[in-house]
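Below you'll find the structure, written out as structure tokens, and then a few comments.
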Amino acid sequence: MATTRGRPSSFDRDAVLDKAIRLFWRRGYEGTSVRDLSEELGIGAPSIYNAFGDKRTFFAEVLRVYDEKYGGFIDAALAEERTAKEAATRVFAEAPTRYSRRGLPTGCLIISGDAGTADVTVATRLRRIREAKVAAFADKIRADLSSGELPADTDAQALARYTMSTLSGIAQAARDGVRRTELEHAARIALGAWP
């Protein structure tokens with residue numbers, strides 16, 4: 001197969017993206033250099049730039065694909081479950097397994113990917129993703145308040161923030177090597193705080 005000078009040789013874009021996801025997931029944005037990516041992906045830095053852009057642009061694509069492939073369980077629960085509490089029940093049941101799957105890095109790239117970075121663009125992008133998930137939970141809770149599913153004095157924003165903060169804590173605990181059974185117990189306790 002002929003290749004064009006300066007262009008990446010033929011490679012499976014999805015497979016390369018998955019390898020990049022896992023590398024960023026393990027090391028975070030700041031801890032992953034273009035050289036690290038080149039070695040992990042088996043393609044030269046110029047080919048990375050040609051195919052994916054600079055590191056920041058590549059990371060943005062990695063985040064999008066990661067959220068669809070590995071982190072979409074929160075969005076799926078919010079979309080598919082009838083009530084916010086049912087969505088929270090599902091998310092808390094799935095999170096310990098999601099954040100500690102064999103063969104994958106532990107924790108969550110969306111939660112820890114910007115740790116230690118001074119790159120304002122990257123930090124802002126991840127913060128916006130996290131805030132969007134809080135807002136989506138709060139919207140579902142407000143809908144349940146309107147329909148009478150939850151007590152009228154429920155603070156939708158605070159309950160959504162509590163839920164996502166607890167999930168972040170579970171993800172970090174998984175990254176720290178906490179056993180899955182302990183994560184599951186923490187998730188059950190967290191769900192018990194829901195009205």
> Does any N or O in the side chain of Asp176 come within less than 3.5 Å of the main-chain N or O of Val178, such that one atom is a donor and the other an acceptor?
Replying inline: no
> Could you go step by step and tell me if Asn50 and Ser47 meet the side chain to side chain donor-acceptor pair (under 3.5 Å) rule?
Replying inline: CA-CA 5 Å; Asn50 285 334; Ser47 295; 5.4 Å; no
> Roughly how far apart are Asp54 CG and Tyr49 OH, rounded to 0.5 Å?
Replying inline: 7.0 Å
>> Nearest 0.5 Å, please: how far is CD in Glu184 from OG1 in Thr97?
In response: 5.5 Å
> Considering all heavy atoms of both residues, which atom of Tyr99 and which atom of Leu167 are nearest to each other, and what is their separation?
Replying inline: CE1-O, 3.6 Å
> In Å, rounded to the nearest 0.5 Å, how long is the span from CZ of Arg82 to NZ of Lys140?
Replying inline: 9.0 Å
> After noting the C-alpha distance and the side-chain angles of Glu80 and Arg90, does the key distance pass the salt bridge (Lys or Arg N to Asp or Glu O under 4.0 Å) rule?
Replying inline: CA-CA 10 Å; Glu80 296 167 8; Arg90 177 172 160 182; 2.8 Å; yes
> Do you know the tightest heavy-atom contact between Arg130 and Ile110?
Replying inline: NH1-O, 2.7 Å
> Mind checking whether Ile48 and Val65 sit in one hydrophobic cluster, side chains of I, L, V, M, F, W, Y counted as touching below 4.5 Å?
Replying inline: yes
> Do you know which two heavy atoms are closest between Lys85 and Pro195, and how far apart they sit?
Replying inline: NZ-O, 3.3 Å
>> With side-chain contact (heavy atoms from CB on, under 4.5 Å) as the criterion, how do Thr57 and Phe52 come out once you've worked through the C-alpha distance, each side chain's angles and the decisive distance to 0.1 Å?
In response: CA-CA 7 Å; Thr57 304; Phe52 300 103; over 6 Å; no
> Taking Arg22 for the side chain and Gly103 for the main chain, is one N or O donor matched with an acceptor at less than 3.5 Å?
Replying inline: yes
>> Taking the basic N atoms (NZ, or NE/NH1/NH2) and the acidic carboxylate oxygens, is any pair closer than 4.0 Å for Asp114 and Arg127?
In response: no
>> Quick check: do Thr163 and Val134 have side-chain heavy atoms less than 4.5 Å from each other?
In response: no
> Step by step, would you call Trp25 with Val62 a side-chain contact (heavy atoms from CB on, under 4.5 Å)?
Replying inline: CA-CA 10 Å; Trp25 195 347; Val62 159; over 6 Å; no
> Would you say the side-chain atoms of Glu86 pair up with the backbone N or O of Thr83, donor to acceptor, closer than 3.5 Å?
Replying inline: yes
>> Quiz question: by atom type and distance under 3.5 Å, do the side chains of Trp194 and Thr89 form a donor-acceptor pair?
In response: no
> Roughly how far, to the nearest 0.5 Å, is NZ of Lys133 from CD1 of Ile74?
Replying inline: 5.5 Å
>> Do the side chains of Arg56 and Asp119 get close enough for a salt bridge, i.e. N-O under 4.0 angstrom?
In response: yes
> Looking at CZ of Phe137 and CD of Gln157, how far apart are the two atoms once the value is rounded to the nearest 0.5 Å?
Replying inline: 12.5 Å
>> For Leu37, is there any backbone N or O sitting under 3.5 Å from a side-chain donor or acceptor partner on Lys19?
In response: no
>> Could you walk me through whether Arg125 and Tyr29 satisfy the side chain to side chain donor-acceptor pair (under 3.5 Å) test, starting with their C-alpha distance in whole Å, then the side-chain angles of each, then the deciding distance to 0.1 Å, before giving a yes or no?
In response: CA-CA 12 Å; Arg125 179 174 285 120; Tyr29 177 80; over 6 Å; no
> Donor-acceptor pair, Asp144 side chain versus Leu150 backbone, under 3.5 Å?
Replying inline: no
> Would you say Arg64's side chain and Phe59's backbone share a donor-acceptor pair under 3.5 angstrom?
Replying inline: no
>> If hydrophobic clusters are built from ILVMFWY residues whose side chains come within less than 4.5 Å, do Leu191 and Phe73 share one?
In response: yes
> How many angstroms lie between atom CD of Glu131 and atom OG1 of Thr124, to the nearest 0.5 angstrom?
Replying inline: 11.5 Å
> Would Ser100 and Arg180 satisfy side chain to side chain donor-acceptor pair (under 3.5 Å), going step by step from the backbone distance to the final call?
Replying inline: CA-CA 7 Å; Ser100 61; Arg180 187 179 295 174; 2.9 Å; yes
> Would you say Leu63 and Leu104 are hydrophobically clustered, going by side-chain heavy atoms of ILVMFWY under 4.5 Å?
Replying inline: yes
>> Please determine whether side-chain contact (heavy atoms from CB on, under 4.5 Å) holds for the pair Arg188 and Phe92, giving the CA-CA distance in whole Å, both sets of side-chain angles, and the decisive distance to 0.1 Å.
In response: CA-CA 7 Å; Arg188 283 192 298 272; Phe92 280 128; over 6 Å; no
> For Thr181 and Arg179, what are the C-alpha separation, side-chain angles and deciding distance, and is it a side chain to side chain donor-acceptor pair (under 3.5 Å)?
Replying inline: CA-CA 6 Å; Thr181 54; Arg179 290 177 300 126; 3.3 Å; yes
> Is there a donor-acceptor pair closer than 3.5 Å between any side-chain N or O of Asp155 and the backbone N or O of Ala158?
Replying inline: yes
>> Would a single hydrophobic cluster contain both Phe58 and Leu126, if residues Ile, Leu, Val, Met, Phe, Trp and Tyr are joined by side-chain heavy-atom contacts under 4.5 Å?
In response: yes
>> Show the nearest heavy-atom pair for residues Pro151 and Leu145, with the distance to one decimal.
In response: O-CD2, 2.9 Å
>> So which atom in Ala190 and which in Thr166 form the shortest heavy-atom distance, rounded to 0.1 Å?
In response: CB-CG2, 3.4 Å
> Considering all heavy atoms of both residues, which atom of Ala77 and which atom of Val91 are nearest to each other, and what is their separation?
Replying inline: CB-CG2, 3.5 Å
>> Taking Ala156's backbone N and O only, do any of them form a donor-acceptor pair with Arg142's side chain (distance below 3.5 Å, no angle check)?
In response: no
>> Checking the side chain of Ser165 only, and the main-chain atoms of Arg161 only, is there a donor and an acceptor separated by less than 3.5 Å?
In response: yes
>> Hydrogens and angles aside, do Thr32 and Arg27 bring a side-chain donor and acceptor to less than 3.5 Å of each other?
In response: no
> Between the side chain of Arg175 and the main-chain N/O of Arg26, is any donor-acceptor distance below 3.5 Å?
Replying inline: yes
> Linking I/L/V/M/F/W/Y whenever any side-chain heavy atoms sit under 4.5 Å apart, do Leu78 and Tyr66 land together?
Replying inline: no
